[in-house]
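Worksheet for the structure shown next.
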2 protein chains.
Amino acid sequence: MGLIKTEMFTDNQNAIALIAKAFGHPARVAIIQHLFKINTCVCGDLVNEIGLAQPTISQHLKELKALGLIKGTVEGTSVCYCIHPENWKNMKNLINTFLNADDKNLNKCC
Amino acid sequence: MGLIKTEMFTDNQNAIALIAKAFGHPARVAIIQHLFKINTCVCGDLVNEIGLAQPTISQHLKELKALGLIKGTVEGTSVCYCIHPENWKNMKNLINTFLNADDKNLNKCC
DNA sequence: TTTATTAATCGTAACATTGCGATAAACAAA
DNA sequence: TTTGTTTATCGCAATGTTACGATTAATAAA
């Protein structure tokens with residue numbers, strides 16, 4: 001086997017899992033954190049910033065882009081990446097709703 | 001290759017990635033959601049609730065337990081699972097800090 | 001003790017992810 | 001056009017994940 005049975009779960013559950021998976025690798029966490037720190041677009045220097053090879057970084061960027069969390073604009077020979085504001089906000093809502101489903105009754109437990 | 005280069009990243013980045021990975025599968029999302037919905041412990045019926053085989057559910061529970069997000073107490077022949085309140089709160093703080101690193105300057109972008 | 005019930009573990013096949021060298025593609029500058 | 005610079009894609013080896021049948025372990029009930 002080894003393949004996730006997506007059809008058994010709700011769209012909500014699958015969506016949350018997809019987002020979480022994107023954050024499930026420290027390199028992608030580092031990329032996002034750097035994009036926030038730099039405060040504007042990053043043109044190129046992500047490979048120097050994070051210690052992985054250029055094809056590896058490119059692959060991680062591709063995944064984040066495919067999910068819509070970041071966007072890249074071509075700027076000459078280099079590409080500028082930054083957070084996609086609206087999509088990031090929507091993603092945050094989705095995750096927050098999931099994480100805060102408790103609040104009232106977290107201690108009614110064994 | 002195929003192995004994550006954990007030593008290249010900060011403890012914070014690795015911790016976030018580990019948590020995210022736990023939520024990176026719809027079955028584990030479903031388990032957590034069901035634990036919240038039921039509002040108390042779940043004794044046994046997780047296998048019926050979610051459509052996967054018993055060993056598969058057991059494996060997912062083990063992962064969530066290893067991270068400290070849930071706890072299980074033996075109750076006769078069955079085991080009762082519920083969210084681990086303190087650890088869940090700490091986890092939420094970690095994730096929220098990561099997700100809200102923006103807020104001011106999300107639109108200063110290309 | 002024997003039998004049932006429930007959950008964990010083992011073993012393994014199918015599939016996915018990670019990382020990077022090699023290469024290609026796209027563009028700017030000379 | 002040629003050369004340099006930067007990013008994307010290909011291909012593949014190493015490792016990780018997922019799912020489940022078979023089995024074991026633990027406890028309860030008969």
Side-chain angles (χ1 to χ4, degrees), chain A residues 1-9 13-14 16-31 34-35 41-67 70-82 110, chain B residues 1-9 13-14 16-31 34-35 41-67 70-82 110:
Chain A
M1 303 284 156
L3 95 164
I4 298 178
K5 303 194 158 178
T6 331
E7 71 284 355
M8 307 186 88
F9 305 99
Q13 288 160 349
N14 285 316
I16 291 171
L18 271 183
I19 298 285
K21 227 160 121 184
F23 295 140
H25 193 293
R28 293 191 288 268
V29 172
I31 288 172
H34 191 246
L35 285 178
C41 299
V42 181
C43 303
D45 49 20
L46 269 170
V47 175
N48 299 322
E49 196 62 32
I50 306 175
L52 297 167
Q54 182 267 322
T56 309
I57 297 290
S58 188
Q59 195 175 294
H60 285 307
L61 287 169
K62 193 181 174 184
E63 282 181 63
L64 291 170
K65 205 175 161 190
L67 269 176
I70 64 173
K71 58 181 178 180
T73 45
V74 182
E75 200 94 11
T77 25
S78 62
V79 179
C80 293
Y81 283 101
C82 59
C110 41
Chain B
M1 302 287 154
L3 95 165
I4 298 178
K5 301 194 159 178
T6 331
E7 70 285 355
M8 307 186 88
F9 304 100
Q13 288 160 349
N14 285 317
I16 292 170
L18 271 183
I19 298 285
K21 227 161 123 184
F23 295 141
H25 193 293
R28 292 191 290 266
V29 173
I31 287 172
H34 190 246
L35 285 178
C41 300
V42 181
C43 302
D45 49 21
L46 269 170
V47 175
N48 299 322
E49 196 62 33
I50 305 176
L52 296 168
Q54 182 268 322
T56 311
I57 297 290
S58 189
Q59 195 175 293
H60 285 307
L61 287 169
K62 193 181 175 186
E63 282 183 62
L64 292 170
K65 205 174 160 192
L67 269 176
I70 65 173
K71 57 180 176 179
T73 45
V74 181
E75 199 95 11
T77 25
S78 62
V79 180
C80 295
Y81 284 101
C82 59
C110 42

Tell me whether the side-chain N/O atoms of [X] come closer than 4.0 Å to OP1 or OP2 in [N].
X     : N      : value
A:Y81 : D:dT6  : no
A:K5  : D:dC20 : yes
A:K65 : D:dA8  : no
B:H60 : D:dA19 : yes

Atom pair [atom1] ([X]) and [atom2] ([Y]), whose distance is rounded to the nearest 0.5 Å:
X     : Y     : atom1 : atom2 : result
B:K5  : A:L52 : NZ    : CG    : 6.5 Å
B:T6  : B:N14 : OG1   : CG    : 5.5 Å
A:Q13 : A:M8  : CD    : CE    : 11.0 Å

Using five base pairs at each end, measure the axis-to-axis angle across the helix from C:dT1-D:dA30 to C:dA30-D:dT1 and round it to 10 degrees. 10°
Side chain of B:I4: nearest nucleotide among C:dT6, D:dC20, C:dG19?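 Comparing C:dT6, D:dC20, C:dG19 against the side chain of B:I4, the answer is C:dG19.
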Throw together a table of side-chain donor-acceptor distances under 3.5 angstrom for residues 20-29 of chain A, partners on residues two or more places apart or in other chains.
{"residue": "A:H25", "atom": "ND1", "partner": "A:A27", "partner atom": "N", "Å": "3.0"}
{"residue": "A:R28", "atom": "NE", "partner": "A:A22", "partner atom": "O", "Å": "2.7"}
{"residue": "A:R28", "atom": "NH1", "partner": "A:H60", "partner atom": "ND1", "Å": "2.9"}
{"residue": "A:R28", "atom": "NH1", "partner": "A:E63", "partner atom": "OE1", "Å": "3.3"}
{"residue": "A:R28", "atom": "NH1", "partner": "A:E63", "partner atom": "OE2", "Å": "3.2"}
{"residue": "A:R28", "atom": "NH2", "partner": "A:K21", "partner atom": "O", "Å": "3.3"}

Counting C-beta onward and ignoring hydrogens, is there a side-chain heavy-atom pair between A:Q54 and A:S58 closer than 4.5 Å?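 A:Q54 vs A:S58: side chains touch.
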Return the value, rounded to whole Å, for the distance between atom [atom1] of [X] and atom [atom2] of [N].
X     : N      : atom1 : atom2 : result
B:E75 : C:dA7  : CD    : C1'   : 14 Å
A:I50 : C:dG19 : CD1   : P     : 11 Å
B:I57 : D:dA19 : CD1   : P     : 9 Å
A:H25 : D:dT17 : NE2   : P     : 11 Å
B:I70 : C:dA7  : CD1   : P     : 13 Å
A:L46 : D:dT7  : CG    : P     : 9 Å
B:E7  : C:dT18 : CD    : C1'   : 13 Å
B:K21 : C:dT17 : NZ    : P     : 12 Å

Under 4.0 Å between any heavy atoms, over every strand shown, what does A:L52 touch: base, sugar-phosphate, or nothing? Just pick one.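 The residue A:L52 makes sugar-phosphate contact but no base contact.
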Want to settle it: does B:L61 or A:T77 sit nearer the 5' end of DNA chain C, counting the closest nucleotide to each?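 First, find each residue's nearest nucleotide; the 5'-ward one identifies B:L61.
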Anything under 3.5 Å between a protein N or O and an N or O of nucleotides 9-14 of chain D, put it in a table, one pair a line.
{"residue": "D:dA13", "atom": "N3", "partner": "B:M1", "partner atom": "N", "Å": "3.1"}
{"residue": "D:dA14", "atom": "O4'", "partner": "B:M1", "partner atom": "N", "Å": "2.9"}
{"residue": "D:dA14", "atom": "O4'", "partner": "B:M1", "partner atom": "O", "Å": "3.2"}
{"residue": "D:dA14", "atom": "N9", "partner": "B:M1", "partner atom": "O", "Å": "3.2"}
{"residue": "D:dA14", "atom": "N3", "partner": "B:M1", "partner atom": "O", "Å": "2.2"}
{"residue": "D:dA14", "atom": "N3", "partner": "B:G2", "partner atom": "N", "Å": "3.4"}

